[in-house]
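Just below is one structure, and these are the notes that go with it.
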Number of protein chains: 2
Amino acid sequence: MTARPANADQARLLRLLRDQGPQSRAQLGDQVELSRSKLAVEVDRLLQTGLAVPDGLAASRGGRRSHNLRLAPSLRFLGIDIGATSVDVAVTNPELEVLGHLTQPMDVREGPVAVFEQVLAMAAKLRDSGVAEQFDGAGVGIPGPVRFPEGVPVAPPIMPGWDGFPVREAMSQELGCPVLVDNDVNLMALGEQHAGVARSVRDFLFVKIGTGIGCGIVVNGEVYRGVTGSAGDIGHVQVVPEGLVCACGSRGCLEAYFGGGALARDALAVATSGESPGLAARLAEQGRLEASDVAAAAAGGDSVSIGLIRQGGSRTGQVIAGLVSFFNPGLVVIGGGLTGLGHTLLASIRSQVYRQSLPLATGNLPIALSELGPLAGAVGATRLISDHIFSPA
Amino acid sequence: MTARPANADQARLLRLLRDQGPQSRAQLGDQVELSRSKLAVEVDRLLQTGLAVPDGLAASRGGRRSHNLRLAPSLRFLGIDIGATSVDVAVTNPELEVLGHLTQPMDVREGPVAVFEQVLAMAAKLRDSGVAEQFDGAGVGIPGPVRFPEGVPVAPPIMPGWDGFPVREAMSQELGCPVLVDNDVNLMALGEQHAGVARSVRDFLFVKIGTGIGCGIVVNGEVYRGVTGSAGDIGHVQVVPEGLVCACGSRGCLEAYFGGGALARDALAVATSGESPGLAARLAEQGRLEASDVAAAAAGGDSVSIGLIRQGGSRTGQVIAGLVSFFNPGLVVIGGGLTGLGHTLLASIRSQVYRQSLPLATGNLPIALSELGPLAGAVGATRLISDHIFSPA
């Protein structure tokens, strides 16, 4: 069992070492409001826990040279990002740098038992590759609402068999370390905040466009989850009154028009009707079509495919425009599997938002693609669990 | 100049006395994590500032009886709520109970100089009525975005002459006390949180339906203002793609369909066309029609007027449904001038939200009318400034 810091000051020091790497006591002292003697006491106690260790002599600032400090180099965090159709597992060092990463196709509808068997095998494979001897904590993201304190999925619409499954408890038992579970989009937002495009942004939105569409909300540097853990569920915001029937039973939802599922459906339609010769050829060859085929066809100049992406981006932008007026964020990050659609998608989202939101809310608003891409969720998962480990027990 | 508490512990004690009224040292001690001796020290220092005073003997809890404590009874806060077409001014005691309240019609488009002249006259009238000898702080709400730290309106769309006007500084000079300025909807949310339907709710939305439509956002007990102070500006969220042209220049905004302005316009149309005999009669009598005429005609059984209210409620509900899916609040409060439209309005908002938002987000979600009504903004303004006065200088 990994030790935990004894108080908020020690927790603060650990997080500084995580986010800024090894440094001297003097450098730490500049950033925390502690007297010199109190700082010395807390640092000594941290060294006793084994969470932090000495690390060579610090550069002189006049006076006696002291040791640098760093987090115990053997600490390992595990980040698990379960999507609808794939899973990413990553191992990081204590500074949350990725030491190993595996990604595999997976169907979340097979239920938690089958999925966790696969996830545990991936974790074991990473451990056996030599990047980790043990795991000191793991974060798990799942593509549905989560009752965060208990780490249990709640009524996840695309995940039969998961409702109420004790993910946190089960994984903690299997892995033998503390585990936290969150909605995957929240973790992607945390990942971008830790090491991506949202570094140093306090209030932002992370919009995931994958099989479904969801939104992570960061307020004052913290993930906002809503009163029942379903905040950010924008896939079922209505974009067309009395529009297409959605899988959720309502009409005109965003996900009825865009996201991996809707795009595959539309691709099949334009391939079968002959409107898109590019997609028709792919359909004939593969016997099926996925969202990635639309990306490939668009890249090959298929105008109908480009049109589908633009239309989807425009619908998504319509929803984001409303959120921007409502939330007045400092940044909007676009991520998730469909970002393979690239700049055509980004351009149509941007054009819709800048046209439709209030100028005061968009004045200095960047809308940017995720920097971490497929790693955002797994890195965010290690950030979540390290925040927990680096807080008082 | 009113004294200020010296530290966070004293600030905490003052707010407890404000929110819970007079009480004993022992009762205070039960609620703050201070040793008995430290509590005694901080209470004595508070008594020295004059912000708190002794107030009779406390009930015995076995042992020596101590004095009750209360806030200095002479403290007075001023709450000013400037709407588009009216202004409310209220004076409260230190527990934020309203001792006097004036409301007058006013046109915000006359500009800050004329408006403040009127507001100062109202404040003087309240003082002369004997409820206050002085003002120890004032909160001011205005119907547009505010750069909160400076207390300056930013590009307010319906307020010519206000952009960049130093409201905070000017009012502070005139009143001779500290002043804070905020968007009116944020203050209404604070008012409901302090003394209305949102007591003890940490995450909620306050939707104001008046001349315009706006939303106050409370996250974890604090007002969320967005990065440029325009958060909650939902009046210009698109409800009809390529719909009616709005005063803001965009098409299909919520305010182009509902709110005091749109309702008066629609009332005139159905009166002139003869569709609504009730409104036609009122138009002939008064020579003009306002939103309140629609309320009166509806109350008198005019089915066309009822239809207008239902339609407007349904458009508003469409926007709120999206916000509920996104924000997953614990409560939605409906307030502002048009709540005179009453339960017909509330019913159509509710029906739209419950039909269109995710069940997980609406499961335990109450949608309720404001309890404080026209006083919400002014009470919220005194809450804002008292939070400031009751915090370390």
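Here is the naming used below: chain letters follow the sequence lines, and residue numbers restart at 1 for every chain. Not measured: the values here are computed from a predicted model.
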So which of [options] has the largest heavy-atom pair count under 4.5 angstrom toward chain A?
options	answer
Ile234(B), Val237(B), Thr228(B), Val240(B)	Thr228(B)
Gln238(B), Arg225(B), Gln318(B)	Gln238(B)
Asn220(B), Val227(B), Asp203(B), Leu323(B)	Val227(B)
Pro329(B), Cys215(B), Ser325(B), Gly322(B)	Ser325(B)

Residue [X] versus chain B: region with a heavy atom under 4.5 Å:
X	answer
Arg202(A)	neither
Ser230(A)	both
Leu331(A)	neither
Glu222(A)	neither
Ala321(A)	neither

The test is side-chain contact (heavy atoms from CB on, under 4.5 Å); show your working for Phe326(A) and Val319(B) and say whether it passes. CA-CA 10 Å; Phe326(A) 171 73; Val319(B) 171; over 6 Å; no
Heavy-atom donor-acceptor pair, Asn328(A) side chain to Gly232(B) backbone, under 3.5 Å: no
For atom CZ of Arg199(A), is the number of surrounding heavy atoms from other residues, nucleotides or ligands below 6.0 Å larger than 12? yes
Most heavy-atom pairs under 4.5 Å with chain B, out of Val219(A), Val324(A), Leu358(A), belong to Leu358(A)
Under a 4.5 Å heavy-atom cut-off, does chain A meet the side chain of Val154(B), its backbone, both or neither? both
Would you call the rings of Tyr224(A) and Phe327(B) parallel, tilted or perpendicular if under 30° counts as parallel and over 60° as perpendicular? parallel
At what distance, to the nearest 0.5 angstrom, does CG of Asp233(B) lie from CG of Leu360(A)? 8.0 Å
